[in-house]
Amino acid sequence: QFQQIDQINADLEKRFRDLLTLFEISESANTALELDKLFQRIVKILADRMGVYRGTLRIWEDGVQVKTVQAVFGLTEAELRRGTNTQIDEIQQKILESGQPIGVPHTRIPLERIELPDAKSVQSKDTIAFWCIPVVVDEQAIGTLTIDKASDELAIEDDIRTWTIIASIVAQRVKIQQIIDSLVWSERLVALGKLATTVAHEVRNPLGGIRGAAQLPQIETKSDSEAQ
């Protein structure tokens with residue numbers, strides 16, 4: 001019975017820590033941080049609270065990668081080299097096509113022969129090198145969140161639940177930035193339209209003067225003829 005109570009207390013402590021982590025990340029998302037700084041802040045919180053020291057955010061547009069943000073905390077150069085992934089482009093494409101989170105195993109050469117398991121089907125974190133989560137905006141995967149697995153004391157479902165919520169927070173910020181960019185672009189188009197109208201008006205004014213000046217000799221000649 002005491003063991004059961006200890007387990008319940010441990011579970012409650014873990015859930016409280018997860019909620020506190022997500023709350024802190026949400027608070028950061030509510031500040032006026034740019035996407036790059038926000039992602040750096042998110043990974044720093046994960047490093048402090050969940051033992052996750054590296055993450056990469058990639059945003060795609062019309063099949064082209066337009067933005068990459070990487071955050072690394074507390075890793076040595078050797079550890080960074082071990083984490084280098086030469087197949088990340090292929091993995092990204094699989095995520096964008098499926099729109100589902102996957103666990104990327106340590107061994108995956110050649111990639112064509114290795115099955116990238118759906119996150120929900122992963123039985124043990126021991127085989128997983130990192131997670132790859134889609135960033136979804138308007139029901140379309142527009143990016144990926146590649147992030148190291150959390151410390152072993154956290155279960156697989158804890159990892160996936162946390163990364164999915166974080167991907168959703170990032171997606172909201174991307175959507176907000178898209179709206180801002182669209183408004184800025186619309187304002188630029190309006191300003192350009194006003195400028196074009198002003199230029200056209202200014203161009204017409206000298207043309208009118210030139211036309212009037214050209215017609216003046218004709219009027220004078222006609223008046224002289226009538227006088228004669």
Could you pull out the closest heavy-atom pair between Val43 and Gly55, with the gap in Å?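 Of all heavy-atom pairs spanning Val43 and Gly55, the closest is CG1-N, 4.2 Å.
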Result block: side-chain N/O donor-acceptor pairs under 3.5 angstrom for residues 133-147, not counting sequence neighbours:
{"unit_1": "Asp138", "atom_1": "OD2", "unit_2": "Lys175", "atom_2": "NZ", "d": "2.8"}
{"unit_1": "Thr144", "atom_1": "OG1", "unit_2": "Gln92", "atom_2": "OE1", "d": "2.0"}
{"unit_1": "Thr146", "atom_1": "OG1", "unit_2": "Arg58", "atom_2": "NH1", "d": "3.4"}
{"unit_1": "Thr146", "atom_1": "OG1", "unit_2": "Gln92", "atom_2": "NE2", "d": "3.4"}

Within-4.5 Å side-chain heavy-atom neighbours: Asp159 and Trp131: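 Yes, their side chains come closer than 4.5 Å.
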Going only through I, L, V, M, F, W and Y residues with side-chain contacts under 4.5 Å, is there a path from Val170 to Phe73?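 In one cluster with Val170: Phe73, yes.
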Distance, nearest 0.5 Å, that separates [atom1] of [X] from [atom2] of [Y]:
X      : Y      : atom1 : atom2 : value
Ile95  : Cys132 : CD1   : SG    : 4.0 Å
Gln177 : Ile179 : CD    : CD1   : 10.0 Å
Leu57  : Gln40  : CG    : CD    : 10.5 Å
Trp163 : Met50  : CH2   : CE    : 4.0 Å
Phe23  : Asp18  : CZ    : CG    : 15.0 Å
Arg173 : Ile176 : CZ    : CD1   : 6.0 Å

In chain order, what residues pass the side-chain hydrogen bond (donor to acceptor under 3.5 Å, both in side chains) check against Gln65, with sequence neighbours excluded?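 Residues passing side-chain hydrogen bond (donor to acceptor under 3.5 Å, both in side chains) with Gln65: Thr68.
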Using side-chain contact (heavy atoms from CB on, under 4.5 Å) as the criterion, list what pairs up with [X], not counting sequence neighbours.
X      : result
Asp148 : Val52, Arg54, Phe130
Lys67  : Leu35, Asp36, Ile59, Val69
Ile165 : Leu22, Arg161, Ile169
Glu61  : Val66

Do the side chain of Ser98 and the main chain of Lys94 share a donor and acceptor less than 3.5 angstrom apart?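 Answer holds: yes.
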Could you check Ile42 against Ser28 for side-chain contact (heavy atoms from CB on, under 4.5 Å), going step by step and ending with a plain yes or no? CA-CA 8 Å; Ile42 288 174; Ser28 298; 5.6 Å; no
Please lay out, stage by stage, how Gln70 and Val72 fare under the test side-chain contact (heavy atoms from CB on, under 4.5 Å). CA-CA 7 Å; Gln70 186 175 39; Val72 179; 4.0 Å; yes
Set of salt bridge (charged side-chain N to carboxylate O under 4.0 Å, His left out) partners for Glu24, sequence neighbours left out: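 Glu24 satisfies salt bridge (charged side-chain N to carboxylate O under 4.0 Å, His left out) with Arg41, Arg49 only.
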Side-chain heavy atoms under 4.5 Å apart, restricted to Ile/Leu/Val/Met/Phe/Trp/Tyr: what other residues fall into the cluster of Trp60, or is it alone?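 Leu96, listed by chain and number.
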